[in-house]
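Just so it is clear, the values below take in all heavy atoms, side chains as well, and ignore hydrogens, waters and symmetry mates. If you're wondering where the values come from, they're calculated on a predicted model, not measured in any experiment. Numbers here are sequence positions counted from 1.
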Amino acid sequence: MKASIAALTRIAAAALAAFAASAAQADVTIGISLPLTGPASGLGIPMANYIKLWPKEIAGEKLNVIVLDDATDPTKGVNNARRFVTEDKVDIVMGSAATPVAVAMAPVVAEAKTVQFAFSPAVLPAGADGWMFRLPQGNAVMAYAMIEHMKKNGVKTVGFLGYTDAYGESWLKDFQDQSTLLGGPKVIATERFARSDTSVTAQALKLVSANPDAMLVVASGSGAAMPEKALVERSYKGKIYQTHAAATRDLMRIGGKDVEGTFVVSGPAVIPEQLPAEHPSKALAADFVAKYEKAYGAGNRNQFAGHAYDAVVVLEKVIPVALKAGKPGTPEFRAAIRSATESMGRTVVSHGVLNYTKSNHWGFTTETGLILKVVNGDWKVEH
């Protein structure tokens with residue numbers, strides 16, 4: 001009798017363990033690498049803030065979210081990616097918000113045949129982005145909006161002052177390519193600096209002496225104010241443009257009066273109140289702002305947090321489809337996430353409209369970009 005009870009106990013324990021394992025396997029596990037410290041922390045921290053507001057489950061499956069700091073360091077990003085795919089067995093990788101880190105992570109994630117939703121416009125070699133989708137707008141899409149604005153305002157020549165890394169170089173290339181296609185301004189002087197630099201005086205002097213009609217500053221977060229201030233302090237009087245990585249209040253907080261009148265290309269997420277009623281993203285942008293500012297205070301809306309909001313919109317569309325092909329934790333499910341993303345069709349998000357396909361893992365169209373102007377320390381949409 002005692003033996004029989006013991007046997008039944010073992011069977012029950014084994015069944016319970018199997019059930020627990022099955023339940024754990026059903027969790028959708030997402031590994032997220034963000035620059036929570038280092039030069040790009042101004043991008044990563046707002047994203048991490050919104051990730052804390054994510055739903056606990058999607059399509060009845062619990063979300064198991066692991067967030068690691070990559071410190072804006074490609075080596076740490078690669079280590080995070082390896083941990084995600086080997087130890088945590090994640091279904092999806094997200095990150096980084098720092099372009100050089102996202103690029104470095106990509107081969108590790110692709111080798112594991114796992115989708116990577118990059119939180120930056122990471123450019124990979126041709127044919128190497130089969131498992132990467134970008135959640136921010138691509139540089140070419142945003143350059144389109146910027147160049148059209150420059151043409152309207154009579155800008156014929158541009159000076160470039162940007163990061164000497166993947167983000168800076170890809171912006172320079174995409175800007176020049178798009179400007180050639182659109183009959184836009186010519187880049188007549190280029191200067192570069194590292195994300196960790198605290199001064200660009202020499203570069204600013206050279207650019208100001210070239211006297212272009214406008215300057216294009218390619219930097220991100222709080223780091224975008226320093227190069228612009230250097231240009232203004234060297235008495236540059238032309239127009240100054242910044243990229244979507246600078247569409248944050250840190251630009252105005254640190255730049256102060258020196259950034260008044262700056263033009264910044266941006267997605268629509270940060271200014272829903274200024275969008276016309278017919279704008280496709282108006283409702284979602286307003287929802288994002290309401291949720292973020294309820295949690296973190298009025299006026300704290302942030303372009304980068306908007307991408308974390310949009311990640312949920314995408315997940316809510318692709319996870320239910322992928323579940324029909326396999327359970328979370330399996331190669332079938334991971335492959336199905338990619339297929340579902342490539343075929344999800346027109347999807348409105350807070351930053352515009354996404355339409356990924358097998359041949360286009362960038363998603364956003366040229367209608368996405370808006371030009372914001374800094375007016376009295378706030379954003380004003382240019383029409």
Side-chain angles (χ1 to χ4, degrees), residues 99 120-123 126 136-195 197 200-220 223-247 251 255 258-267 362 364-374 381-383:
T99 298
S120 74
V123 177
Q137 302 90 342
N139 298 335
V141 163
M142 301 308 252
Y144 177 93
M146 187 183 287
I147 291 161
E148 289 298 325
H149 186 269
M150 288 179 172
K151 286 165 59 181
K152 239 186 259 186
N153 285 273
V155 174
K156 304 293 186 184
T157 56
V158 173
F160 171 90
L161 179 57
Y163 285 152
T164 181
D165 64 18
Y167 185 67
E169 293 305 315
S170 61
W171 246 102
L172 177 59
K173 181 182 186 304
D174 286 338
F175 181 88
Q176 290 177 312
D177 289 349
Q178 287 293 312
S179 203
T180 298
L181 288 171
L182 298 170
K186 183 179 180 181
V187 176
I188 61 169
T190 58
E191 293 291 332
R192 297 168 175 82
F193 63 101
R195 287 179 186 254
D197 286 350
V200 292
T201 299
Q203 297 96 317
L205 285 169
K206 291 177 184 177
L207 287 169
V208 171
S209 68
N211 196 31
D213 297 331
M215 296 286 189
L216 169 57
V217 177
V218 180
S220 63
M226 182 271 290
E228 179 160 351
K229 285 175 73 69
L231 292 169
V232 173
E233 287 165 2
R234 267 84 210 158
S235 301
Y236 181 69
K237 303 299 183 186
K239 295 176 175 62
I240 298 179
Y241 288 79
Q242 293 257 10
T243 72
H244 51 320
L251 178 68
D258 287 339
V259 301
E260 276 291 310
T262 303
F263 298 110
V264 182
V265 68
S266 172
W362 290 92
F364 286 103
T365 62
T366 53
E367 62 197 340
T368 289
L370 299 173
I371 299 294
L372 309 182
K373 186 177 183 180
V374 179
V381 176
E382 288 274 287
H383 296 290

Carboxylate-amine/guanidinium contact D258 K229, below 4.0 Å: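 So D258 pairs with K229 through a salt bridge.
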Are side-chain heavy atoms of [X] and [Y] found at a separation under 4.5 Å?
| X | Y | answer |
| --- | --- | --- |
| D165 | T99 | no |
| V218 | N139 | no |
| R192 | L172 | yes |
| P227 | F193 | yes |
| E228 | L161 | no |
| V208 | L231 | yes |
| W171 | H244 | yes |
| M146 | Q178 | no |

Can you check whether [Y]'s main-chain N or O pairs, donor with acceptor, with [X]'s side chain at less than 3.5 Å?
| X | Y | answer |
| --- | --- | --- |
| Y167 | P121 | no |
| Q242 | A224 | yes |
| Y163 | S220 | yes |
| T190 | F160 | no |

Enclosure of K151 NZ (heavy-atom neighbours >12, cutoff 6.0 Å):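 Buried by this count: over 12 neighbours within 6.0 Å.
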From Q203 atom CD to T164 atom OG1, the distance as rounded to the nearest 0.5 Å: 10.0 Å
side-chain contact (heavy atoms from CB on, under 4.5 Å), paired with P212, selected from V155, I188, L207: I188
Side chain to side chain contact (heavy atoms under 4.5 Å, CB included) between V200 and M226, intermediate numbers included: CA-CA 8 Å; V200 292; M226 182 271 290; 3.7 Å; yes
For I147 against S179, the heavy-atom pair lying closest together: CD1-N, 3.4 Å
For T243 against L216, the heavy-atom pair lying closest together: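 In terms of heavy atoms, the two residues are closest at CG2-CD1, 4.1 Å.
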Parallel, tilted or perpendicular: ring planes of H149 versus Y241, cut at 30 and 60 degrees: perpendicular
